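Remember, it's 1-based here, ligands and their atoms both numbered in the order they're listed. Counting begins at 1 with the first residue of the sequence. Keep in mind that this is a model prediction, so the values were computed, not measured.
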Amino acid sequence: MKNTNAKNLPRLNGNLEPQILKEAIKQFKTPLFVYDLDRITKRYNELKEAFGGRKNLICYALKANSNLNILKHLHSLESGADCVSLGEIKRALKAGIPSYKIIYSGVGKQDLEIQEAINLGILFINVESFEELLRIELIAKQLNKTARISIRVNPNIDPQTHPYISTGLQENKFGVSIEDAKAMYIHSKNSQSLEPIGIHFHIGSQLTKLQPIEESARKIASLTHSLIALKIDIKFFDIGGGLGITYNDEETINPYDYAQAILDSIRGLDVTIICEPGRYIVGNSGVFLTQVLYEKNNSNKRFTIVDGAMNDLIRPSLYNAYHKVVALKDLEETSATDVVGPVCESGDYLAKNVLLPKLEHGDILAILSAGAYGFSMSSNYNTRGRCAEIAVKNGEIKLIRKRENFEDLIRLEEI
Ligand SMILES: *Cc1c(COP(=O)(O)O)cnc(C)c1O
């Protein structure tokens with residue numbers, strides 16, 4: 001069988017050419033995350049332009065990749081931030097993103113986090129339950145402030161994605177029903193300490209079908225009309241994130257069609273659109289680089305053991321997610337192999353049954369589309385230091401996070 005992977009090499013396009021990747025490894029070893037900042041710019045601008053005709057704010061979802069250098073880069077493009085913890089809010093501020101472009105989402109906000117979010121004067125808090133609303137009201141009252149809020153409404157629509165990353169169905173823990181949302185808005189309107197200014201939905205991640213988003217937007221827009229009739233002044237229409245990307249051969253949603261569908265749904269509403277993309281901005285802009293340690297065969301099954309593992313990139317183990325694997329090697333005969341890491345779990349793999357040439361100690365594999373939910377989901381399992389991260393801009397390589405060493409790992413422990 002001929003190697004089809006070599007054909008994929010150009011798909012590392014932009015700045016992430018094999019030559020650059022090899023240079024990055026020479027300087028910083030493996031495993032390693034490398035991000036293409038110019039590609040991040042391109043993705044951001046595509047989306048920005050798609051919504052161009054309308055008041056809009058892109059709030060990049062930090063959880064996809066929260067490296068400060070990436071955030072600073074997105075801030076230079078005028079991005080806002082969608083945060084899901086006080087830690088992420090602080091990261092956004094540290095990177096220079098102003099508080100009026102920061103929104104705060106999540107089902108389980110702690111008192112201290114709510115307090116800080118109000119004190120910092122962020123744009124609004126996305127509220128996910130009636131109890132949380134009362135909690136925010138109480139805290140704002142104690143602070144003698146008004147909390148700007150938006151309510152996450154669950155449109156109960158199947159996003160047609162992986163169940164682990166689906167969030168917009170009644171059976172998910174996220175958001176509130178349309179009926180509950182109405183009651184919450186009325187409560188907020190009558191409160192001295194709450195100012196309802198937005199409405200929010202987010203139905204899932206890695207969405208590749210437009211129709212569920214369109215349907216959700218229509219439902220939420222219709223609710224918005226009825227809230228405005230109740231004199232509740234909704235200024236922000238927050239459509240969440242979730243735009244899918246191509247990992248393998250998925251057809252994805254065109255940003256123009258996406259924007260058009262949203263614009264159609266909010267016809268007649270004077271609102272600013274907020275969009276919270278994470279994966280779409282950074283996913284295809286990053287690669288994970290790992291080096292081969294050994295190859296082995298167990299009863300005729302081939303394994304390629306590499307120095308990267310599930311603690312570095314957990315998506316394959318967690319979601320059975322597919323990432324393309326490219327050997328930075330000349331075209332050769334290939335055969336099927338499982339690419340596995342050194343972690344003591346059978347679930348520790350980066351790819352299953354992929355075609356790769358015969359590999360030797362030190363050969364490099366690039367795991368593509370690893371810019372989102374890669375490093376940000378990594379851990380120290382098996383006392384493995386987290387990877388270094390590199391940014392490439394205009395062909396220049398820059399270290400944006402050092403590799404963790406043993407001292408870093410034990411710093412907070414006491415004997
Ligand atoms: C995770 C999340 C996002 C970003 O999701 P992507 O699939 O990375 O675009 C946006 N908004 C909310 C509320 C989220 O939970």
Which of the atoms in ligand 1, numbered in the order shown and given with their element, are less than 4.0 Å from a heavy-atom of [X]?
| X | answer |
| --- | --- |
| S205 | 6 (P), 7 (O) |
| G278 | 6 (P), 8 (O), 9 (O) |
| R279 | 6 (P), 8 (O), 9 (O) |
| R152 | 13 (C) |

Let me check something: any side-chain donor-acceptor pairs from residues 221-231 under 3.5 Å, sequence neighbours excluded? List them with distances.
residue : atom : partner : partner atom : Å
T224    : OG1  : I220    : O            : 2.7
S226    : OG   : L223    : O            : 2.8

Check against ring pair (Phe, Tyr, Trp, His ring centres under 6.0 Å), Y247 and H323: CA-CA 6 Å; Y247 284 100; H323 286 266; 5.2 Å; yes
I213/E215 under side chain to side chain contact (heavy atoms under 4.5 Å, CB included): CA gap, chis, key distance, verdict: CA-CA 5 Å; I213 304 176; E215 217 176 301; over 6 Å; no
Residue-ligand contact Y373/ligand 1, heavy atom below 4.0 Å: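 For ligand 1, residue contact (heavy atoms, under 4.0 Å) with Y373 is present.
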4.0 Å heavy-atom contact, G242 with ligand 1: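 So G242 counts as touching ligand 1.
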Residue pair Y319, Y373: steps toward the ring pair (Phe, Tyr, Trp, His ring centres under 6.0 Å) verdict: CA-CA 11 Å; Y319 309 124; Y373 305 104; 7.8 Å; no
Parallel, tilted or perpendicular: rings of F33 and F288 (30°, 60°): tilted
Heavy-atom nearest neighbour in the protein, as seen from atom 15 (O) of ligand 1, with distance rounded to 0.1 Å: K63 NZ, 2.8 Å
Distance from atom 11 (N) of ligand 1 to nearest protein heavy atom, with residue and atom: E276 OE1, 2.5 Å
Test applied, side-chain hydrogen bond (donor to acceptor under 3.5 Å, both in side chains); reference residue, R152; option that passes from H200, H202, E132, E128: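 Considering H200, H202, E132, E128, a side-chain hydrogen bond (donor to acceptor under 3.5 Å, both in side chains) with R152 is found only for E128.
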Ligand 1 N/O within reach of Y280 N/O, cut-off under 3.5 Å: no
Mode of D82 contact toward ligand 1 - side chain, backbone, both, neither (heavy atoms, under 4.0 Å):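 Contact part for D82 vs ligand 1: side chain (C-beta onward).
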Steps toward side-chain hydrogen bond (donor to acceptor under 3.5 Å, both in side chains) verdict (N67, R401): CA-CA 8 Å; N67 182 289; R401 194 183 205 273; over 6 Å; no
